[in-house]
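Notes for the one structure printed next.
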There are 2 protein chains.
Amino acid sequence: MVGQNPEPGAEPERPPSRRERARAATVDEIKQTAMGLMREQGTTDFRFSDIARLMGMTAPALYRYFADRDELLTGLIVDAYDDLGEAVAEARDKVPLDDPGARFVAVAESYRRWAREEPVRFALIFGLPVPGYQAPEEGPTTEAARRAMAQLKALFYEAAQAGVLRPPQLHDDDGVIAGLLAEHHEPTESPAIDGPPIPPETFQAMLFCWSNVHGFAGLEAYGHLEWMPQELRDAIFESSIRQVAEVAGLPEPLAAGPSRED
Amino acid sequence: MVGQNPEPGAEPERPPSRRERARAATVDEIKQTAMGLMREQGTTDFRFSDIARLMGMTAPALYRYFADRDELLTGLIVDAYDDLGEAVAEARDKVPLDDPGARFVAVAESYRRWAREEPVRFALIFGLPVPGYQAPEEGPTTEAARRAMAQLKALFYEAAQAGVLRPPQLHDDDGVIAGLLAEHHEPTESPAIDGPPIPPETFQAMLFCWSNVHGFAGLEAYGHLEWMPQELRDAIFESSIRQVAEVAGLPEPLAAGPSRED
DNA sequence: TCAGCACTGTTATGCGTCATAACAAACACG
DNA sequence: CGTGTTTGTTATGACGCATAACAGTGCTGA
């Protein structure tokens, strides 16, 4: 580690000094520049020399802020998770609490939009590890992923609490899934997804929703659906998530306004 | 291009000479070795020097067979598409034609299994382009993708022909989707997916199935579901695809034996 | 005030990789 | 057996990551 706070236990009260603020700004600029380059080229690759040149520095100077490529990548991945989580949570919370159906639609749409607008970051967090990148075990990326996924779980939790969740239409013959879920982690506070526990069948429904939305978003983000016009993709996606929500036992959206803003 | 057949129009009848066979074998060995390295490291990266060393050659010799890294990558991508297509078709055709429900289950399971067993190849074809790789426009990869996706479409086509396909439960308010589909490409022979045309609502159902299976497969292949035991993943996946098949209007599978073999 | 030190940047350098050039051996074939 | 193609080699150039050694800046405390 290079650019971290002194030690995790050394008086976190102290306000950031002038130097620390400058340093943080530079760290941020480096990450922004790296993301800009990646977006431009459409790949998860970048060159230190390019970043440095764009910032009016020389390449070795960057090593004052990140120990190596991996540390910079880790930072970018954490940021991406956080950004996705924020985008999803923000879209969700624009819809009133008493309309879980519409809240889910908002989550699904923002997830998809984020993937489409930020395919590189989407790949960064949901793709195969970047060549040469070794993810830190149990590191900050795992934690960031939990936070992001918690947003979807929260939605189902609220709906379940409100008692508006119908039993999902998903088969669970002999209660195998419920059994396994109950057995391995308590009433389903999975280690990968933060948040309060939800009943097994709701958890199953949540996964169903997630994989569906994720699948469409991934295919679209990487250009595998480009042969259909966006209008059609939009219509098909909306139809899909409506259906998925119904299967999951979520109530019909009350306010049926798609929150398009582009 | 370097290692291609002489010209696409020069007497394709001639049987492969001894040298041509040797060359083809070497090309294949290179690809195998490259894939081995990628699998080992779990990334889509490889070094010419490593491949050469494993083959008992020096790196520049590889340029006799592939013009550059991109050409080798293109070969690997095409192979991956073909292999996925074959795996899916083979699994599907093990199930009798008169059992489309079970045929879909077989397709979904083989798709998922392939992704899990070959995450690198899955990333190669369904992920963001490999750093530095520029896909040839309208090239062999696009064509290979069409062939692979045609396998799923064929399944729906057969079921539709047999008249056992119920109308899918997918909303299409005002027939927007059907309209757009009809408008943009005839009765839905999409440019991205080969095969005979199918009715719009069937096409929509097919996409729904695909994105769902793909989403789960992708999440699992990249380790995002590793926090649940495989037993549970299996159960949840099977439950999901059953539900998806039902939504898509496919009949219940008759022979309900999951074709596990590992 | 000014000496000392931490911080941030530079140039110089080593190593590994992609890719090409120039050359040598092996092979097919008239 | 001799000639041209094929397939391999070594030598070389360009470039990127990363470290080392060094220089300028500004905070800090006797």
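Proteins come first, then strands; the chains are lettered A, B, ... in the order of their sequence lines, and each starts at number 1. Just so we're clear, the structure is a prediction, and the values are computed from it rather than from any experiment.
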Fill in: Qualifying residues under salt bridge (charged side-chain N to carboxylate O under 4.0 Å, His left out), relative to B:R233, sequence neighbours excluded
B:E220
Worksheet item: Please, which pairs that meet salt bridge (charged side-chain N to carboxylate O under 4.0 Å, His left out) have at least one residue in residues 125-134 of chain B, sequence neighbours excluded?
Response: none
Worksheet entry | N/O (side chain, B:T58) to phosphate O (OP1/OP2, D:dG8) under 4.0 Å | no
Worksheet, complete the sentence: Sorted by chain and number, sequence neighbours left out, side-chain contact (heavy atoms from CB on, under 4.5 Å) with B:A150 holds for B:D194
Worksheet item: Out of D:dG8, C:dT20, C:dT10, which has the shortest distance to the side chain of B:M57?
Response: D:dG8
Practice prompt. State which residues pass side-chain hydrogen bond (donor to acceptor under 3.5 Å, both in side chains) with A:D83; sequence neighbours excluded, sorted by chain then number.
Written response: A:W114, A:R121
Worksheet item: Starting at CZ of B:F66 and ending at P of D:dG8, how long is that distance when rounded to a whole Å?
Response: 13 Å
Discussion item. Going by salt bridge (charged side-chain N to carboxylate O under 4.0 Å, His left out), name the residues that satisfy it together with A:D93, two or more places apart in sequence or in a different chain.
Written reply: A:R103
Item to complete: Starting from C1' on D:dT7, measure out to CG on B:L62 and report it in whole angstrom.
Response: 12 Å
Worksheet item: Considering residues at least two apart in sequence or located in another chain, which fulfil the salt bridge (charged side-chain N to carboxylate O under 4.0 Å, His left out) criterion with B:D68?
Response: none
Worksheet item: Do A:R69 and A:D45 pass the salt bridge (Lys or Arg N to Asp or Glu O under 4.0 Å) test, and can you show the C-alpha distance, the side-chain angles, and the key distance before you say yes or no?
Response: CA-CA 10 Å; A:R69 265 175 112 263; A:D45 203 14; 2.9 Å; yes
Discussion item. Using 30° and 60° as the class boundaries, would you call the ring planes of B:F203 and A:W227 parallel, tilted or perpendicular?
Written reply: perpendicular
Worksheet item: What's the CD-C1' distance between B:E71 and C:dA19, to the nearest Å?
Response: 14 Å
Discussion item. By the ring pair (Phe, Tyr, Trp, His ring centres under 6.0 Å) test, which pairs, at least two apart or in different chains, include something from residues 69-94 of chain B?
Written reply: none
Practice prompt. Look at the side chain of B:A61 and decide which nucleotide, out of D:dT19, C:dA19, D:dG8, has an atom nearest to it.
Written response: D:dG8
Worksheet item: Which parts of residues 45-53 of chain A get close to DNA chain D, meaning a heavy atom less than 4.0 angstrom away?
Response: A:F46, A:R47, A:F48, A:S49
Response to the item:
Residue pairs passing the salt bridge (charged side-chain N to carboxylate O under 4.0 Å, His left out) test with at least one member in residues 122-132 of chain B, sequence neighbours excluded, are none
Discussion item. In whole Å, I'd like the distance from the OH atom of A:Y63 to the C1' atom of D:dA21.
Written reply: 17 Å
Discussion item. What is the distance, to the nearest angstrom, from the CG atom on B:D68 to the P atom on C:dT17?
Written reply: 18 Å
Practice prompt. Quick one: list whatever passes side-chain hydrogen bond (donor to acceptor under 3.5 Å, both in side chains) with A:Y111, sequence neighbours left out.
Written response: A:W210, A:H214
Worksheet item: To the nearest Å, how far apart are B:D70 CG and C:dA19 C1'?
Response: 13 Å
Worksheet item: Can you tell me if the side-chain N/O atoms of B:Y65 get under 4.0 Å from OP1 or OP2 in D:dG8?
Response: yes
Worksheet entry | For atom CE of B:M55 and atom C1' of D:dT7, their distance in whole Å | 12 Å
Item to complete: Report the C-alpha separation of A:L124 and B:L128 in whole Å, then their side-chain angles, then the decisive distance to 0.1 Å, and conclude whether the side chain to side chain contact (heavy atoms under 4.5 Å, CB included) test is met.
Response: CA-CA 9 Å; A:L124 224 41; B:L128 206 63; over 6 Å; no
Worksheet entry | Contact state string [nucleotides 23-30 of chain C, B base, S sugar-phosphate only, - no protein heavy atom under 4.0 Å] | ----BS--
Worksheet, complete the sentence: Double-helix bend of the helix from C:dT1-D:dA30 to C:dG30-D:dC1, axes at both ends from 5 pairs, round to 10°, gives 10°
Fill in: Distance in angstrom units between B:R69 CZ and C:dC18 C1', rounded
8 Å
